[in-house]
There are 2 protein chains.
Amino acid sequence: MAKVPQADEPSLHDEAARAGWLYYLGGLTQDQIAAELGVSRQRAQRLVSRAVAEGLIQVRLSHRIGACLDLEAALTDRFGLTRARVAPFAGPGVDAVRATSPVAAAELERVLRMAEGKVIALGTGRSLRGMVDAMDEIAAPQHRLVSLIGNIAPDGSASFFDVVMRLADKVRAPHYPMPVPVISTTEAENDAFHALAPVQRVVELARQADVIFVGVGQMSDDAPLLKDGFVTRAELDAMQAAGATGEVAGWVYDSQGAYLDLGTNRRTGGVRVEPGLPRPAIGIAAGVQKTPALAAALKARIINGLVTDEPTARALLTL
Amino acid sequence: MAKVPQADEPSLHDEAARAGWLYYLGGLTQDQIAAELGVSRQRAQRLVSRAVAEGLIQVRLSHRIGACLDLEAALTDRFGLTRARVAPFAGPGVDAVRATSPVAAAELERVLRMAEGKVIALGTGRSLRGMVDAMDEIAAPQHRLVSLIGNIAPDGSASFFDVVMRLADKVRAPHYPMPVPVISTTEAENDAFHALAPVQRVVELARQADVIFVGVGQMSDDAPLLKDGFVTRAELDAMQAAGATGEVAGWVYDSQGAYLDLGTNRRTGGVRVEPGLPRPAIGIAAGVQKTPALAAALKARIINGLVTDEPTARALLTL
DNA sequence: CCCCAATATGAGTAATTGCCCGGCAAGCGA
DNA sequence: TCGCTTGCCGGGCAATTACTCATATTGGGG
């Protein structure tokens, strides 16, 4: 006969999850939770706040706010998009990525639910990372996940750039990282990497991608490429002088969405997202500071789908 | 040029959803929300509480609590189940259905995500209704949804029994209600309904179901069948005297899970879930008062999968 | 047009929560 | 062993939230 399991020593995560569940779903007060769990009220409070901080408790909105639907329709109309999703504004001091991630996750899940196996290509960045973190674990082994961007960082810290790996973990799908530097130090080095057969196979797969998810980076002084150490201040200055406006998967373009033929663009590894692709290329980008970069990418049809937040959507439409 | 949409007059739901979003995702105080939305602080508070009350804000747990995993393993072992899911206890005064619904919804979504089109048969009841309400909208038109149970209620109020229709709405899948009374007043009437060709076609489809989701009702004095007016007090008494312990899709069985050949069982419409089916038959049932009914259904293998709450799982295992 | 019922609103208040702090115990290197 | 750091614990308090009650408003029926 099966024995009733005894909770010998629930892990901290277990306890936090339980506290959060009792608080948000059960609607108990922290006093009641404390009594239920046999801990002090203060500990109950700490457990609840830990549960939200660590993302053990997920909040989703099941009602599509009318104003956001309107914005989606307007974006679709204005830029001829295949998909547009707008996340409601989450408050003045609140990180736009955090607001957008749940919506982006739902969009990714929509693709993952598709019956036929697809090749899904992914860029990198905070937005994509947030999207994957906000996603439910769902098995979708029929798909293949391929990175558009190199996984060798200048300082060797790969932790931030494992979007594909993290996603593969969650969906248990085969994944293909791009074994090249994000940006090589010389053109020759980049060429040498791309001459390798294993690299070429991944590149070929990425080119065939059925769906593309990418972040969009601005090229102003707060450019993610600079912040993450992929380009130097001097390189950024040079590209800005040449009209650099935005960047997708590390490839820099100008205000018309035309890729520049200078600077790091000659040494960027991986696969460039070509304008006007007939298949979905969804940009995930939050924050009004990305407006010019987004406008250019949309105009040139580097991306033909968009997940963004409400203020950014408004900014794009009032241009 | 597309116009920026103006929020002329956001609906009450819109405002409530937005307030809930700002509160739970953005972490603003109600004062800040009031300022953001341009309403009084009290109204902000009411909007937030409305958002949770109406289910506009969904809470899910992304961490599986160890103790619940242990219970799932023990249930699987003890009753030879294909699937077992246990929702964490949500507090003493909290409706067990509310606690279990999100977990049941995740289980249903898992089936709906499957690539090949399945025939999914559904019973009815509060648990199933909760499951469907807690579900995300996901398109799954490859499946067919069929009701196991009649959709003609004694008082004509079909509102509570449209689980199949509500689900079909959410997944945009073809659906087949069972156009017969839940329980006819005479055997002859029941036979007459089932002699009709359209009824027979639905029955045939339900019999072929690839997956079955059903509630499980107790037959004690608080039996759902009695509460919802499907059986009279006298009928319940008679069946209790004959050993009635539980009920699945309206069909009553005894403590060994053997269907009774008396009472309303002779007049119940729709399709009976036969014991020992080789395909998944998942019981969704929450609340310790259902323990005997569940134990019998599990023993006889009327159901071979279970989604329940923690206290009920413990009760089943300590029998 | 008026009245009634249902519902929303605002003020006040009690309950609940978030957070700062001093204290304490465990871990660790000298 | 001592002294130090680290992290948890519980007390206490200010901020925030939930609830009650009296009043206002809206909409429908007569």
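Per chain, numbering begins at 1; letters A, B, ... match sequence-line order.
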Item checked: Along DNA chain D, first and last positions that approach a heavy atom of chain A under 4.0 Å -> dC9(D) to dG12(D)
Item checked: Polar side-chain atom of Glu109(B) near backbone of Asp136(B) as donor-acceptor pair, under 3.5 Å -> yes
Check: Between dG18(C) and Gln30(A), is there an OP1 or OP2 to side-chain N/O distance shorter than 4.0 Å?
Finding: yes
Note to self: Distance check, rounded to the nearest 0.5 Å: Leu108(B) atom CG versus Lys170(B) atom NZ?
What the structure shows: 10.0 Å
Next item on the list: Heavy atoms under 4.0 Å is the rule here; annotate nucleotides 20-26 of chain C 5' to 3' with B where the base is hit, S where only the sugar-phosphate is, and - elsewhere.
Entry: B------
Item checked: Under-4.0 Å side-chain N/O to phosphate OP1/OP2 contact, Gln45(A) with dG18(C) -> yes
Check: Taking CG from Leu22(A) and C1' from dT17(C), how many angstroms apart are they, rounded to a whole number?
Finding: 16 Å
Note to self: The side chain of Ser40(B) is closest to which nucleotide in this list: dG18(C), dG10(C), dT17(C)?
What the structure shows: dG10(C)
Note to self: If the threshold is 4.0 Å, N to carboxylate O, is there a salt bridge linking Asp221(B) and Arg233(B)?
What the structure shows: yes
Item checked: Distance, nearest 0.5 Å, that separates NE2 of His63(A) from SG of Cys68(A) -> 9.5 Å
Under 3.5 Å, sequence neighbours excluded: what are the donor-acceptor pairs made by side chains of residues 39-47 of chain A?
{"from": "Ser40(A)", "atom 1": "OG", "to": "Arg43(A)", "atom 2": "N", "distance (Å)": "3.2"}
{"from": "Arg43(A)", "atom 1": "NH2", "to": "Glu15(A)", "atom 2": "OE1", "distance (Å)": "2.9"}

Checklist line | Arg172(B) side, atom CZ; Asp169(B) side, atom CG - distance, nearest 0.5 Å | finding: 8.0 Å
Notebook entry, point to check: Once you round it to whole Å, what is the distance between C1' of dA11(C) and CZ of Arg43(B)?
Noted result: 17 Å
Check: In whole angstrom, what separates Ile33(A)'s CD1 from dT16(C)'s P?
Finding: 12 Å
Notebook entry, point to check: Separation of Gln32(A) atom CD from dA15(C) atom P, in whole Å?
Noted result: 14 Å
Margin query: Quick check for you: to the nearest 0.5 Å, what is the distance between Thr232(A) atom OG1 and Leu225(A) atom CG?
Written below: 11.0 Å
Notebook entry, point to check: Are any non-hydrogen side-chain atoms of Trp21(A) and Pro102(B) less than 4.5 angstrom apart?
Noted result: yes
